[in-house]
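Have a look at the structure below, then the notes.
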Number of protein chains: 2
Amino acid sequence: MTGVQERATSEGTRRPTRQRAAVAAVLADTDEFRSAQELHALLREGGDKVGLATVYRNLQAMAADGEIDMLRTDEGEAVYRACSTGHHHHLVCRVCGRTVEVEGPTVEAWATRVSAEHGFTEVRHTLEIFGTCATCSR
Amino acid sequence: MTGVQERATSEGTRRPTRQRAAVAAVLADTDEFRSAQELHALLREGGDKVGLATVYRNLQAMAADGEIDMLRTDEGEAVYRACSTGHHHHLVCRVCGRTVEVEGPTVEAWATRVSAEHGFTEVRHTLEIFGTCATCSR
DNA sequence: ATCTCAAATGAGAACGATTGTCAAAATCCT
DNA sequence: AGGATTTTGACAATCGTTCTCATTTGAGAT
């Protein structure tokens, strides 16, 4: 049901296709979070003809495999970004969308401790902070 | 566009209506996060006839005024909760779905500090921990 | 109590992101 | 090459949410 496997880093049995590569390519070109529709448009501009549904499918698959990061904007739209190395969290401005990457040894430790206290294993967590950045709150 | 005013705590010039009161009432009855549609259904069951659009409008207005909390589920659906209840996070078992509510003063403090360091204001955060619970892991 | 006017409501249409459908095309395996 | 299987693409369908606009309601003046 959840699609989450025991070995989260496994790639499953997905086939390499031109479209999949194209999606991965645009994603690798920007360090910003982009929506599926934006990525689809970018592919079009770049001359790669890929169906919108295919873009959605690939993004989901890649996100499920942990190859890319996915989060929701304040409006509920899903946005994706190439997974940079290292675990970190995001501080997102809800006005201009600017994203700051932050690390939190504190949080990591806390999450681990709390999980252990409740007997949970194989833990993973997501933490997003939304606010108004200095420029936008002026 | 964003609807965020300079005086965030102001109530603006909104009129007290039967519908608004009804929405506030159901919301006050549960300490869980509920979607607009769920709340609308609850109102129906309770005999209060309130239009769906009205529920949406009131929830938005109340959230904008900071009277209630609003956040997005993993699927992008907006869910609301009466503001008074304590803020907590969830530890979810990805196998059986069991959910444990956990509090984290540590995390709260950390999030606040990090946000401030980057000049962010009006911050809110979401944190979910996924893992395998003791029962399911063996 | 009545009148007036802006704000609020309700019903349903409209919208936008995402998902489902299914025949055609691509890939893998032998 | 040949057949099974996955992936794709075009478009219909869904679903949450927002918009439209005629009608109702609340607040203050008369």
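First the proteins, then the strands, lettered A, B, ... as listed; each starts at 1. Only this structure's heavy atoms are used, side chains among them; waters, hydrogens and symmetry mates stay out.
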Distance check: side-chain N/O of A:Tyr56 vs OP1/OP2 of C:dT19, anything under 4.0 Å?
no

Test side-chain hydrogen bond (donor to acceptor under 3.5 Å, both in side chains) applied to A:Arg81 and A:Thr99, step by step
CA-CA 11 Å; A:Arg81 193 188 61 174; A:Thr99 308; over 6 Å; no

Per the side-chain contact (heavy atoms from CB on, under 4.5 Å) rule, which among B:Thr17, B:Asp48, B:Leu42, B:Leu43 passes with B:Val23?
B:Leu43

Aromatic rings A:Trp110 and B:His89: how do their planes relate, parallel, tilted or perpendicular, breaks at 30° and 60°?
perpendicular

To the nearest Å, how far apart are B:Glu77 CD and C:dG16 C1'?
16 Å

Separation of atom CG in A:Asp74 from atom P in C:dA17, rounded to whole Å
16 Å

Is the CD atom of A:Glu117 crowded by more than 12 outside heavy atoms at less than 6.0 Å?
yes

In this structure, how many angstroms lie between the P atom of D:dT8 and the CG atom of A:Leu43, rounded?
12 Å

Nearest-nucleotide check on DNA chain D, B:Gln37 vs B:Pro16; residue mapping nearer the 5' end is B:Gln37

When the distance from CG of B:Leu59 to C1' of D:dT18 is rounded to whole Å, what number comes out?
14 Å

Where do N or O atoms of nucleotides 9-15 of chain C meet protein N or O atoms at under 3.5 Å, pair by pair?
| unit_1 | atom_1 | unit_2 | atom_2 | d |
| --- | --- | --- | --- | --- |
| C:dT9 | OP1 | B:Thr17 | OG1 | 2.7 |
| C:dT9 | O3' | B:Gln19 | NE2 | 2.9 |
| C:dG10 | OP1 | B:Gln19 | NE2 | 3.1 |
| C:dG10 | OP1 | B:Lys49 | O | 3.3 |
| C:dG10 | OP2 | B:Gly51 | N | 2.8 |
| C:dG10 | OP2 | B:Thr54 | OG1 | 2.7 |
| C:dG10 | N7 | B:Arg57 | NH2 | 2.7 |
| C:dG10 | O6 | B:Arg57 | NH1 | 3.4 |

Rounded to the nearest Å, what distance is computed from the CG atom of residue B:Asp48 to the P atom of nucleotide C:dA8?
19 Å

Whole Å only: how far is the CD atom of A:Glu38 from the P atom of C:dT18?
11 Å

I want to know whether A:Tyr56 and A:His40 have ring centres closer than 6.0 Å.
no

D:dT7 P sits how many Å from A:Met62 CE, rounded?
13 Å

Do B:Val107 and A:Val100 land in one hydrophobic cluster if side-chain heavy atoms of ILVMFWY residues count as linked below 4.5 Å?
yes

So, OP1 or OP2 of C:dT19: does either fall under 4.0 Å of a side-chain N or O from A:Gln60?
yes

